[in-house]
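Worksheet for the structure shown next.
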Amino acid sequence: MNKKVLVISASLRPGSNSHALAEQFAEGAREAGHEVELVSLRGREIQFCRGCTACQKTGSCVIRDDVAPLLEKLRAAQVVAFATPIYYYELCGQLKTFLDRTEPLYGRENAFRQVYLLSAAAETEDFVPKRAESGIQGWIDCYENLELAGTVFAGGVQGPGEMAGHPALEQARAMGAAIR
């Protein structure tokens, strides 16, 4: 069965390494016959959550920025992949801010069931992606019937374009192609 897949790239840097992972994941999912949309948070206005909880009553956020259409895409997707650079051993701030703004989806009927995390960092040690994975798992744990279906980490990349030839690119593509 073909699924609706949303890939959200959180890097704000053009030509970023984590975005390259997002592109490969999306390509693999397309090759497997899924309906795929790749969205970048770069250039979008995403304000911080105010914690007012008005969205829990109305189903929509009081802040008027670029988040509402992204939430509709997220709500409709069955599979979501987040791509992020790792800064200070954690998800990048733009992704965390976006995740905080998904509050209008909390407690509602959403299509998403599988989440993937694609990350890249300058460091290569095994512990580097662990806090980012923990951060995304914290978000996942707030929703019913949602699972972390897979992760890909690309270590040893810092500057734009350093992903060329990195084995994580093929891992991301294969993971996208394996969505069931």
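On a predicted model such as this, the values are computed, not experimentally measured, just so you know.
- In this structure, the side chain to side chain contact (heavy atoms under 4.5 Å, CB included) partners of Asp100, at least two apart in sequence or on a different chain, are Cys49, Lys96.
- The hydrophobic cluster around Tyr87 extends to Tyr88, counting ILVMFWY residues whose side-chain heavy atoms fall within less than 4.5 Å of a member.
- Within 6.0 Å of atom CZ in Arg131, 12 or fewer heavy atoms from other residues, nucleotides or ligands are found, so the atom counts as exposed in its surroundings.
- For Glu125, the side-chain hydrogen bond (donor to acceptor under 3.5 Å, both in side chains) criterion is met by no residue, not counting sequence neighbours.
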Contacts under 3.5 angstrom, residues 152-162 side chains, donor-acceptor by atom type, not counting sequence neighbours:
unit_1: Glu162; atom_1: OE1; unit_2: Gln158; atom_2: N; d: 2.8
unit_1: Glu162; atom_1: OE1; unit_2: Gly159; atom_2: N; d: 3.4
unit_1: Glu162; atom_1: OE2; unit_2: Gly159; atom_2: N; d: 3.1

Decide side-chain contact (heavy atoms from CB on, under 4.5 Å) for Val79 and Val36; before the verdict, give the C-alpha distance in whole Å, the side-chain angles of both, and the deciding distance to 0.1 Å. CA-CA 9 Å; Val79 176; Val36 180; over 6 Å; no
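- Here the shortest heavy-atom pairing between Gln114 and Ala149 reads CB-CB, 4.1 Å.
- Here the CD atom belonging to Gln47 is positioned 5.0 Å from the CG atom belonging to Asp65, to the nearest 0.5 angstrom.
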Determine, stepwise, if the pair Leu70 / Leu6 fulfils side-chain contact (heavy atoms from CB on, under 4.5 Å). CA-CA 10 Å; Leu70 296 175; Leu6 178 64; over 6 Å; no
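- Residues Ile46 and Leu105 share a single hydrophobic cluster, defined by chaining ILVMFWY side chains whose heavy atoms lie under 4.5 Å apart.
- Residues satisfying the side-chain hydrogen bond (donor to acceptor under 3.5 Å, both in side chains) test with Thr102, not counting sequence neighbours, are Trp139, Tyr143.
- Rounded to the nearest 0.5 Å, atoms OG (Ser9) and NE2 (His19) are 5.0 Å apart.
- Remark: side-chain polar atoms of Asn110 are not paired, donor with acceptor, to backbone N or O of Phe112 under 3.5 angstrom.
- When every heavy atom of Leu21 is checked against every heavy atom of Met163, the shortest pair comes out as CD2-CE, 3.5 Å.
- The ring-ring contact (aromatic ring centres under 6.0 Å, His included) check on Tyr116 picks up Phe25, with sequence neighbours excluded.
- Applying the salt bridge (Lys or Arg N to Asp or Glu O under 4.0 Å) rule to pairs touching residues 67-95 yields Glu37-Lys73, sequence neighbours excluded.
- Checked against ring-ring contact (aromatic ring centres under 6.0 Å, His included), Phe48 has no partners two or more places apart in sequence or in another chain.
- For residues 138-158, there are no salt bridge (Lys or Arg N to Asp or Glu O under 4.0 Å) pairs, not counting sequence neighbours.
- Listed by chain and residue number, Arg113 satisfy the side chain to side chain contact (heavy atoms under 4.5 Å, CB included) test with Glu109 (two or more places apart in sequence, or in another chain).
- Considering only heavy atoms from C-beta on, Thr84 stays 4.5 Å or farther from Ser18 through its side chain.
- Ile86 contributes atom CD1, which lies 7.5 Å from atom CG of Leu91 (distance to the nearest 0.5 angstrom).
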Counting only pairs under 3.5 Å, give me each side-chain donor-acceptor contact of residues 167-180, with atom names and distances, residues two or more places apart or in other chains.
unit_1: Arg173; atom_1: NE; unit_2: Glu31; atom_2: OE2; d: 3.4
unit_1: Arg173; atom_1: NH1; unit_2: Gln24; atom_2: OE1; d: 2.8
unit_1: Arg173; atom_1: NH2; unit_2: Glu31; atom_2: OE2; d: 2.2

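- Hydrophobic clustering (ILVMFWY, side-chain heavy atoms < 4.5 Å, transitive): Leu95 and Leu38 are in distinct clusters.
- Once rounded to the nearest 0.5 Å, the distance linking CD of Glu35 with CD of Gln78 reads 9.0 Å.
- Between Ser60 and Pro104, the closest side-chain pair of non-hydrogen atoms is not below 4.5 Å.
- Under the 4.5 Å side-chain heavy-atom criterion for Ile, Leu, Val, Met, Phe, Trp and Tyr, Val80 and Phe98 are members of the same hydrophobic cluster.
- Taking CG from Leu12 and CZ from Arg42, the interatomic distance works out to 8.5 Å, rounded to the nearest 0.5 Å.
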side-chain contact (heavy atoms from CB on, under 4.5 Å) evaluation trace for His166 with Asn17: CA-CA 10 Å; His166 197 289; Asn17 297 307; over 6 Å; no
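- Note on Leu148: it clusters hydrophobically with Ile8, by side-chain heavy-atom contacts below 4.5 Å among ILVMFWY residues.
- Distance alone, capped at 3.5 Å, places no donor-acceptor pair between the Glu103 side chain and the Cys61 backbone.
- One hydrophobic cluster, built from ILVMFWY side chains closer than 4.5 Å, cannot hold both Leu146 and Val5; they sit in different ones.
- Side-chain contact between Asp66 and Leu41 is absent, with no heavy-atom pair separated by less than 4.5 Å.
- Shown here are the side chain to side chain contact (heavy atoms under 4.5 Å, CB included) partners of Cys52, two or more places apart in sequence or in another chain: Ala54, Val62.
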